Chemist: 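This is the structure I have questions about; it appears just below.
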Amino acid sequence: MSKPQLLVTSALPYANGHIHLGHLVEYIQTDIWVRFQKLRGRRCIYICADDTHGTAIMIRARQEGVREEDLLARMHEAHTRDFAGFQIAFDHYGSTHCEENRQLCWEIWQSLRKAGMIYEEEVRQLYDAQAGTFLADRFVKGVCPNCRAPNQYGDSCDRCGHHYDPIDLIDPVSTLSGARPEVRTALHLFVDIEKQHAFLDQWTQNADHLQPEIANYLRGHFLGQPLRPWDVSRPAPYFGFEIPDSPGNYWYVWFDAPIGYMASTWQWCKKEGEDFDAWWASPDTHIYHFIGKDITYFHTLFWPAMLRVSRYQLPRRIQIHGFLTVNGEKMSKSKGTFILASTYLKYLDPAYLRYYYASKLTPRVDDLDLNFEDMAEKADADLVGKVVNLASRTARFVVSTGLASSWPDDGGLFAQTAADGIEIAEAYEACDFNRAMRLILAAADRANQYVERQEPWKLAKDPGQTEQLQKVCTVALNLFRQIAVYLAPVLPRLAEQTGRLLHRPIQHWDEAQKPLLGSPVRPFEHMLKRVDRQAISAMIDESRQPEEAVQASGSRTTVPSAKPVPAETAGAVTESGASVSSSPRWDDDEAALRAEPIAPQCTMEDFQKVDLRVARIVAAEDVPKAKKLLKLTLSLGGEHRRNVFAGVKGVYKPEELVGRLVILAANLAPRKMAFGTSEGMILAAGPGDGEIYLLSPDPGAKPGQRIH
RNA sequence: GGCGGCGUAGCUCAGUUGGUUAGAGCAGCGGAAUCAUAAUCCGCGUGUCCGGGGUUCGAGUCCCUGCGCCGCUACCA
């Protein structure tokens, strides 16, 4: 029998946000690998889906006043369109919110039960009475119980890397309402993953399942100690699947998300008349997961442990990539480098980005830097100047004659590039696309040198050299075709165009092994435009928004940020023009309001608890060790002074603050901070991160006056 | 400050288990050619492989340490 068939997945993007260039590192990487396998004749399917459950979706639907299902349908359509635009060719793109997933979750759940890995525990859980919900891990912050780092999320500490339960947090605060959550007792269900410790020791360290740096990381950070139980249930209200044998409780989104890989495959099987078990329950299928390094924990520990006790196959390999940075820094909305897939497609050809990512991707977990000038140079020099140019400079000479019918002497050039196919294939196979691209470009260099030596343009002027001209162009176009074959996983459209040019579609990797002879040649048509630098600028301008920087992860962020993800991005794609033109004088959009929705209602009494006062900044000094803090001395009139640390460093200079009037929250409890005690807070608007607007009273106000 | 990553030619980077005079592309300079989307071809690279120790017969490659940069995080009461 032939090699095992392949089932390949990319991480499921969360249905709470749009696809951006960071996500695309992963989808382009996976798509190239899948296309490579298919081109080699390997049976291979590429499966993905929207990740749809969890508190973040529930909260957002609530904010928008729509049903979760409507929100999901909208995002599914947008995601599908974005992926198609970048030529990401899924065999199926489903959703975790489907019957198949519910059934599979239930089945695996029962397997975990049977393996004795599920236990129940009454836990005291944090409940936000204002928001009317129990608080998901990422909606509560507090002090890490392990290292005492303040302001940590409920699931893990980013400072010490410790994973724990939200209930263990010290001084919890709800990020939904800002309220101090009350403690309520609730039944929770746990997976005792420690029962699989020995298995995971072995599985993660052996058989090339993981990159070595990942295996080391797991050994150093998790496997050296008992694995903590995993809290996999959430009490109502929660958007997800209710656990059949524990009514009122729902599976945590991270339980059903990876099972979504299976559910989506199942849907594909139904569509194609395939046997689901042949794909997930048979050793004749090799399963490959491509993910970003941020979700390593779930995919390399929980997921294998869950599968182990079920009747399903373990992944053959989990391929992990790093994050995307732009110009050496994380993507930033204010710098215009947080670019949505749909925005890119308005201005630039996806081929540029596909080739650029390919040329920079290695099998390592390193972060990848996107530099647009670099991308433009590479696309122009490599793709247009070297590759496409080969066809462009020779095809026209053989339109009337077609390719020669026998292979001329080419000095072994074709044979060399054919032989290179082995090494190039190895590079693709190992996800070392950088190496593959370099090998391919070397072949293009050799081909251009050949054309240069043979000078077909001179032969074309000599009627006696017609035959020689045909030979030279036959060689050149065959070398070009080999390159088009090797580049086909990265640049599918170039392969199609080459097929059209030479009247023979490219369908298999091995077509680079045998010259194409006697084929007619169409007149050359442009295959790829040079990069328009102005389009790059326009794209960045359109992407520039007064927003704080956003996580530049290459894969999904199932765990949402504490603030609801700004919804304005949805509008930017489909309806950005309309609202602008209807209000000529002020074009204020609702981005800010959506980014930070209005808090739950409070009473006048509540409001009056806060004593706001006019104050004058009488001194301001830099705090050298602080990144964001300035130390301000405020006067409330007379001798009344307050010492306040304000996070405005870099936005306001100390000297320009001295003398100005601000609004001070004067009766806040003093707060001990790293550099001293802060005795109040000055009021400011803006999202932060370079955008802060201090509030000032109109002229005439006096320090010490209260705001009513 | 904590955790993680990185530091190789002007720029972007290869150099995966330590082994001959450290490589490529781009940019630059000089030349050729004019078929091609001003694309192509030829020629030109002694860089303290961030610094300092160490292991080794031998280190860009391993260990320690210092410095610098990036990210997350903490200081935004």
Side-chain angles (χ1 to χ4, degrees), chain A residues 143-144 147-153 157-162 211-213 217 221 293-294 322-323 325 328-330 356 359-360 362-367 369-371 373-378 380-397 430 432 434-435 437-438 441-442 444-445 447-461 469 472-473 476 524 526-530 549 551-553 623 625-630 644-651 664-665 668-682 684 686 688-689 692:
Chain A
V143 176
C144 169
C147 72
R148 306 268 152 181
N151 215 22
Q152 294 301 319
Y153 285 117
C157 174
D158 288 310
R159 180 166 141 188
C160 66
H162 207 69
Q211 288 131 299
E213 57 266 53
Y217 164 76
H221 285 80
K293 64 183 179 184
D294 52 330
F323 293 151
T325 56
E329 297 175 4
K330 73 170 181 172
Y356 187 69
S359 71
K360 300 199 91 169
T362 71
R364 315 268 282 281
V365 191
D366 303 339
D367 290 352
D369 187 52
L370 166 60
N371 175 297
E373 185 49 35
D374 195 30
M375 181 187 84
E377 280 174 6
K378 262 188 164 347
D380 285 354
D382 294 358
L383 298 183
V384 180
K386 288 180 174 166
V387 176
V388 172
N389 189 222
L390 272 172
S392 165
R393 67 194 306 201
T394 55
R396 60 192 302 257
F397 294 127
D432 198 350
N434 163 283
R435 182 170 154 71
M437 295 308 106
R438 279 185 293 133
L441 261 289
D445 283 342
N448 273 307
Q449 287 159 17
Y450 172 82
V451 174
E452 204 71 24
R453 277 198 309 274
Q454 299 300 325
E455 303 181 308
W457 53 92
K458 281 189 182 164
L459 301 175
K461 287 172 186 159
L469 177 64
V472 168
C473 293
F524 179 80
H526 274 208
M527 293 175 165
L528 185 67
K529 281 214 255 329
R530 310 182 78 77
Q551 164 82 33
S553 155
V623 183
K625 285 187 177 174
K627 266 191 209 160
K628 298 185 180 174
L629 289 180
L630 292 182
V644 170
F645 289 93
V648 298
K649 185 175 185 170
V651 181
L664 171 74
L668 276 174
R671 175 86 167 192
K672 229 185 193 170
M673 296 171 67
F675 314 101
T677 300
S678 189
E679 304 164 320
M681 178 173 95
I682 59 173
D689 194 36
I692 297 171

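Only this structure's heavy atoms are used, side chains among them; waters, hydrogens and symmetry mates stay out. Note on naming: letters A, B, ... go to the chains in the order of the sequence lines (proteins, then strands), and numbering restarts at 1 for each one. Since the structure is predicted, the reported quantities are computational estimates derived from the model, not experimental observations.
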Chemist: Nearest 0.5 angstrom please: A:Gln454 CD to A:Glu452 CD, how far?
Modeler: 11.0 Å
Chemist: On RNA chain B, check which nucleotide each of A:Asn448 and A:Lys461 is closest to and give me the residue with the more 5' one.
Modeler: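 Comparing both residues, the 5'-ward one is A:Lys461.
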Chemist: How long is the span from the OG1 atom in A:Thr394 to the CG atom in A:Asn389, to the nearest 0.5 Å?
Modeler: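 Nearest 0.5 Å value for the OG1-CG distance: 9.0 Å.
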Chemist: Using the P atom as the point on both nucleotides, what is the distance between B:rC35 and B:rG10, in whole Å?
Modeler: 38 Å
Chemist: Counting only Watson-Crick or G-U wobble pairs whose two distances fall under 3.5 Å, which nucleotide matches B:rA24?
Modeler: B:rU12
Chemist: Examine the base of B:rA14 for any acceptor or donor lying under 3.5 Å from a partner atom in the side chain of A:Asn434, and report the outcome as yes or no.
Modeler: no
Chemist: So what does A:Lys360 touch, heavy atoms closer than 4.0 Å: a base, only the sugar-phosphate, or nothing?
Modeler: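 Since only primed, P, OP1 and OP2 atoms lie under 4.0 Å of A:Lys360, the category is sugar-phosphate.
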Chemist: Could you tell me whether a side-chain N or O of A:Lys360 sits under 3.5 Å from a main-chain N or O of A:Asp369, the two making a donor and an acceptor?
Modeler: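 The answer is yes, because a donor-acceptor pair under 3.5 Å joins these two groups.
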Chemist: Is B:rC3 paired to anything, Watson-Crick or G-U wobble with both distances less than 3.5 Å, and if yes, which nucleotide?
Modeler: B:rG71
Chemist: Please state the P separation for the pair B:rG71 and B:rU56 - nearest whole angstrom.
Modeler: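 Rounded to whole Å, the distance is 40 Å.
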Chemist: Within the 4.0 Å heavy-atom criterion, would you say A:Arg438 contacts the bases, only the backbone, or no part of the nucleic acid?
Modeler: sugar-phosphate
Chemist: Between A:Glu377 and A:Arg396, which is nearer to the 5' end of RNA chain B once each is assigned its nearest nucleotide?
Modeler: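 Here A:Glu377 is the residue nearer the 5' end.
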Chemist: Take atom CE of A:Met437 and atom P of B:rU12, then tell me their distance rounded to the nearest Å.
Modeler: 22 Å
Chemist: Identify the nucleotide, in any strand shown, that forms a Watson-Crick or G-U wobble pair with B:rG51, with both distances under 3.5 Å; if there is none, say none.
Modeler: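 Across any shown strand, B:rG51 pairs with B:rU65.
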Chemist: With rounding to the closest Å, how many angstrom separate the P atoms on B:rA38 and B:rC44?
Modeler: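 B:rA38 and B:rC44 have their P atoms separated by 28 Å.
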Chemist: Between P on B:rA36 and CG on A:Leu459, what's the gap in Å once rounded to a whole number?
Modeler: 15 Å
Chemist: Provide, to the nearest angstrom, the distance between the CZ atom belonging to A:Phe645 and the P atom belonging to B:rA74.
Modeler: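 A:Phe645 atom CZ is separated from B:rA74 atom P by 18 Å.
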Chemist: What is the distance from CG of A:Asp432 to P of B:rA24, rounded to the nearest Å?
Modeler: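 Atom-to-atom, A:Asp432 to B:rA24, this comes out as 18 Å.
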Chemist: Atom CD of A:Glu455 and atom CG of A:Leu469: how far apart are they, to the nearest 0.5 Å?
Modeler: 12.5 Å
Chemist: Write down the distance between CG (A:Leu441) and P (B:rG23), rounded to a whole number of angstrom.
Modeler: 21 Å
Chemist: Give A:Leu528 one of three labels, base, sugar-phosphate or nothing, depending on what nucleic acid heavy atoms sit under 4.0 Å from its own.
Modeler: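 Contact class for A:Leu528: base.
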Chemist: Between B:rC35, B:rA14, B:rG25, spot the one nearest the side chain of A:Thr362, thanks.
Modeler: B:rA14
Chemist: Strictly by Watson-Crick or wobble contacts shorter than 3.5 Å, is anything paired with B:rU17, and which nucleotide is it?
Modeler: none
Chemist: Hey, what do you get for NZ (A:Lys529) to CG (A:Asp380), rounding to the nearest 0.5 Å?
Modeler: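 Taking NZ in A:Lys529 and CG in A:Asp380, the distance rounds to 12.5 Å.
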Chemist: Counting only side-chain N and O atoms of A:Lys386, is one of them less than 4.0 Å from OP1 or OP2 of B:rA39?
Modeler: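 Result: no.
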Chemist: Taking 4.0 Å as the cut-off, does a side-chain nitrogen or oxygen of A:Gln449 come that near to OP1 or OP2 on B:rU40?
Modeler: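 No, because none of the side-chain N or O atoms of A:Gln449 sits under 4.0 Å from OP1 or OP2 of B:rU40.
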Chemist: Using the P atom as the reference point in each nucleotide, state the distance between B:rC3 and B:rA9 in Å, no decimals.
Modeler: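 After rounding to an integer number of Å, I get 29 Å for this pair.
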Chemist: Which base, if any, makes a Watson-Crick or G-U wobble pair with B:rA59, both distances under 3.5 Å?
Modeler: none
Chemist: Could you identify the nucleotide paired to B:rG43, looking across every strand shown and requiring Watson-Crick or G-U wobble geometry with both distances under 3.5 Å?
Modeler: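 Pairing partner, where one exists within any strand: B:rC29.
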Chemist: What's the CD1-P distance between A:Ile682 and B:rA77, to the nearest Å?
Modeler: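 In whole Å, B:rA77 P lies 8 Å from A:Ile682 CD1.
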Chemist: May I have the distance from A:Asp369 (atom CG) to B:rG25 (atom P), rounded to whole angstrom?
Modeler: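 Answer to the nearest Å: 21 Å.
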Chemist: Does A:Leu441 offer a backbone N or O that forms a donor-acceptor pair with the side chain of A:Asp382 under 3.5 Å?
Modeler: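 No: the side chain of A:Asp382 does not pair with the backbone of A:Leu441.
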Chemist: Any side-chain N or O of A:Lys529 under 4.0 Å from OP1/OP2 of B:rA39?
Modeler: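 For B:rA39, OP1/OP2 do not have a side-chain N/O of A:Lys529 under 4.0 Å.
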Chemist: Rounded to the nearest 0.5 Å, what separates atom CE in A:Met375 from atom NZ in A:Lys378?
Modeler: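 Answer for the CE-NZ pair, A:Met375 versus A:Lys378, is 12.0 Å.
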Chemist: In whole Å, measure the gap between the P atoms of B:rC69 and B:rA32 for me.
Modeler: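 The answer is 47 Å between these two P atoms.
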Chemist: Is it true that a side-chain atom of A:Asn434 and a backbone atom of A:Ser359 form a donor plus acceptor pair closer than 3.5 Å?
Modeler: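 Pair found, side chain donor or acceptor close to backbone of A:Ser359.
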Chemist: Take atom P in B:rG28 and the same atom in B:rU65, then report the distance between them in whole Å.
Modeler: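 It works out to 44 Å between them.
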Chemist: Would you indicate which nucleotide in B:rU37, B:rA39, B:rC26 comes nearest to any side-chain atom of A:Asn389?
Modeler: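 Given the options B:rU37, B:rA39, B:rC26, the side chain of A:Asn389 is closest to B:rA39.
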Chemist: Quick check for you: among B:rG25, B:rU37, B:rC35, whose closest atom lies nearest to any side-chain atom of A:Arg530?
Modeler: B:rU37
Chemist: Rounding to a whole Å, what distance do you find between A:Tyr356:OH and B:rG25:C1'?
Modeler: 12 Å
Chemist: Nearest to the A:Val388 side chain among B:rC41, B:rU37, B:rU34, which nucleotide is it?
Modeler: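 That would be B:rU37.
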Chemist: Please tell me which of the listed nucleotides, B:rC26, B:rC41, B:rU34, lies nearest to the side chain of A:Trp457?
Modeler: B:rU34
Chemist: B:rA36 and B:rU40: how far apart are their C1' atoms, nearest whole angstrom?
Modeler: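 These two C1' atoms come out 8 Å apart once rounded.
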Chemist: Please give the distance between the C1' atoms of B:rG30 and B:rC72 as a whole number of Å.
Modeler: 49 Å
